[in-house]
Amino acid sequence: MSRMGDVLAGFHAAWGFESDSVCIRYERGIRAPKLFQALGERRVPLEAIAGVTLTRGKRGTVVLRMEPRPGADPLLEAAAGQLKENVDPYRLVLPADREVLAEYYADELRGLLTESGPADRFLVKPPEGPLSFKAYDGKASFDGRTVNFRWFWTGASSAKWKAGDQSFSVGELNGVEWRSPEVFEGHLRLLRRDAGVSGVQADQDPAAVVFGLGYGPVHESLPFAAAVLAAARTSSPVAAVPAPRRDPADIAERIRHLGELHQAGLVTDEEFSVKKAELLAEL
């Protein structure tokens, strides 16, 4: 296209045009959407783009947008259409007086696009780990190979406390289900290869963490979900790795809390005995 290294700057982002890709650099200022700040920079190969549009925006602006191919970007796949327009990572908003310049770049970019239709693999790199965020009922962490859920005693259901903290190798996973924290019942659920569609509510499912006011915000939980999704899609199925032995102090704290659930009538005598034995076996 025009010249390699050309940059078109808009509100909250700038597109750098290169011979085989568009490099999007997101603004990190306090006015920029937090998702953009979290993404920082993304390189979008031309083969990941199906088209380019230019439309009139609000308040004297124009909007240049790349249309990614379905299945090309793990972030959009995880979002499943739930992102609001103002945090669409493929939109570049510019002042209306730059419309002619924007049209020029749109035409140049269109002339280089050769692919269309769904992509058979992810073409845009996922967010890099390690990643973590606090959900309402636990902390989720991902090191690139394993997803860990550590429950908060103040928020986790008794079902999750009975199950204990969870670890999932990406080889066990088939995908993720992300429901935006900006809607009712937001959550992140891990979809396992050996399990069918779960009919269990997320707050009762040990393979899910639930969001809440201030917990699991989009700019933290969505990049996390995208990274896990990409790793799961590219990994081979493997047997689950035995969990490492726990800290004795941690085991003692969990037995204490289990006893509180038992006394409150939330755990039966049999469930208390079985779970206590499981916890002691981890020492």
Side-chain angles (χ1 to χ4, degrees), residues 1-128 180 182 218-219 222-223 225-227 229-230 233:
M1 52 193 307
S2 55
R3 294 184 308 274
M4 187 173 70
D6 280 5
V7 175
L8 182 61
F11 298 115
H12 307 316
W15 290 5
F17 299 96
E18 304 193 358
S19 59
D20 61 351
S21 62
V22 177
C23 181
I24 307 176
R25 295 181 178 87
Y26 299 100
E27 183 180 299
R28 295 182 180 274
I30 58 174
R31 294 185 179 181
K34 289 184 177 180
L35 179 60
F36 289 1
Q37 296 180 49
L39 294 176
E41 180 177 312
R42 309 190 84 207
R43 189 171 300 278
V44 183
L46 296 182
E47 63 177 326
I49 306 170
V52 185
T53 61
L54 180 64
T55 58
R56 293 291 178 88
K58 301 176 181 178
R59 300 185 183 91
T61 62
V62 292
V63 179
L64 187 61
R65 185 180 189 275
M66 290 184 284
E67 298 177 345
R69 296 168 60 195
D73 184 349
L75 189 81
L76 293 193
E77 289 298 298
Q82 298 174 77
L83 279 180
K84 293 182 177 179
E85 186 178 74
N86 67 315
V87 292
D88 181 346
Y90 287 92
R91 294 173 80 244
L92 183 67
V93 182
L94 304 116
D97 60 10
R98 305 192 74 187
E99 182 175 3
V100 174
L101 182 61
E103 183 66 59
Y104 167 74
Y105 279 105
D107 287 341
E108 289 285 300
L109 190 53
R110 290 188 192 107
L112 294 176
L113 303 181
T114 59
E115 303 291 339
S116 62
D120 60 2
R121 59 188 174 86
F122 290 136
L123 300 170
V124 181
K125 288 185 178 181
E128 295 183 353
S180 174
E182 297 176 347
V218 171
H219 70 281
L222 180 56
L229 175 61
R233 291 278 180 87

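Scope of the values below: all heavy atoms of this structure, side chains included, with no hydrogens, waters or symmetry mates. Count residues from 1 along the sequence. Please read these numbers as outputs of a predicted model, since none were measured by experiment.
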Peer 1: D107: what forms a side-chain hydrogen bond (donor to acceptor under 3.5 Å, both in side chains) with it, not counting sequence neighbours?
Peer 2: R110
Peer 1: Go through the steps to decide whether F11 and E27 satisfy the test side chain to side chain contact (heavy atoms under 4.5 Å, CB included), and finish with yes or no.
Peer 2: CA-CA 8 Å; F11 298 115; E27 183 180 299; over 6 Å; no
Peer 1: Measure across L94 and A9 and return the closest heavy-atom pair with its distance rounded to 0.1 Å.
Peer 2: CD2-O, 3.4 Å
Peer 1: Under the salt bridge (charged side-chain N to carboxylate O under 4.0 Å, His left out) rule, collect the residues that match up with R69, sequence neighbours excluded.
Peer 2: none
Peer 1: Grab the two heavy atoms, one from P89 and one from L75, that are nearest each other, plus how far apart they are.
Peer 2: CG-CD2, 4.0 Å
Peer 1: Under 3.5 Å, is there a donor-acceptor pair between the side chain of E41 and the main chain of R25?
Peer 2: no
Peer 1: Give, for atom NE2 of H219 and atom CG of L39, the distance between the pair rounded to the nearest 0.5 Å.
Peer 2: 10.5 Å
Peer 1: I need the full list of ring-ring contact (aromatic ring centres under 6.0 Å, His included) pairs touching residues 37-63, with sequence neighbours left out, sorted by first then second residue.
Peer 2: none
Peer 1: Identify the heavy atoms of P68 and L76 that sit nearest to each other, and give their distance.
Peer 2: CG-CD1, 3.4 Å
Peer 1: Return the CG to CD distance between L8 and E108, rounded to the nearest 0.5 Å.
Peer 2: 12.5 Å
Peer 1: Looking only at non-hydrogen atoms, find the nearest pair between L46 and S21 and report the distance.
Peer 2: CG-N, 3.7 Å
Peer 1: Please assess K84 against E182 for the test salt bridge (Lys or Arg N to Asp or Glu O under 4.0 Å), listing each intermediate value before the final yes or no.
Peer 2: CA-CA 10 Å; K84 293 182 177 179; E182 297 176 347; 3.6 Å; yes
Peer 1: Mind checking what makes ring-ring contact (aromatic ring centres under 6.0 Å, His included) contact with Y90, not counting sequence neighbours?
Peer 2: none
Peer 1: To the nearest 0.5 Å, how far apart are NZ in K125 and CG in D73?
Peer 2: 13.5 Å
Peer 1: To the nearest 0.5 Å, how far apart are CZ in R233 and CD in E77?
Peer 2: 6.5 Å
Peer 1: Is there side-chain contact between V218 and V87, with at least one heavy-atom pair below 4.5 Å?
Peer 2: no
Peer 1: Would you name the heavy atoms of A13 and I24 that are closest together and state the gap between them?
Peer 2: CB-CG2, 4.4 Å
Peer 1: Minimum heavy-atom separation for E103 to L54, with atom names?
Peer 2: OE1-CD2, 3.4 Å
Peer 1: For residues 28-38, which side-chain N or O atoms pair as donor and acceptor with protein atoms under 3.5 Å away, sequence neighbours left out?
Peer 2:
residue : atom : partner : partner atom : Å
R28     : NH1  : Q37     : O            : 3.2
Q37     : NE2  : G29     : O            : 3.1
Q37     : NE2  : A32     : O            : 2.9

Peer 1: Do T55 and V63 come close enough that some side-chain heavy atom pair is under 4.5 Å?
Peer 2: yes
Peer 1: Roughly how far, to the nearest 0.5 Å, is CG of L64 from OG1 of T53?
Peer 2: 7.0 Å
Peer 1: Within the structure provided, determine whether R121 and L123 are in side-chain contact (heavy-atom separation under 4.5 Å).
Peer 2: yes
Peer 1: Which distance, rounded to the nearest 0.5 Å, do you find between the CZ of R65 and the CG of D88?
Peer 2: 4.0 Å
Peer 1: Tell me which pairs pass ring-ring contact (aromatic ring centres under 6.0 Å, His included) where either residue lies in residues 42-84, with sequence neighbours left out.
Peer 2: none
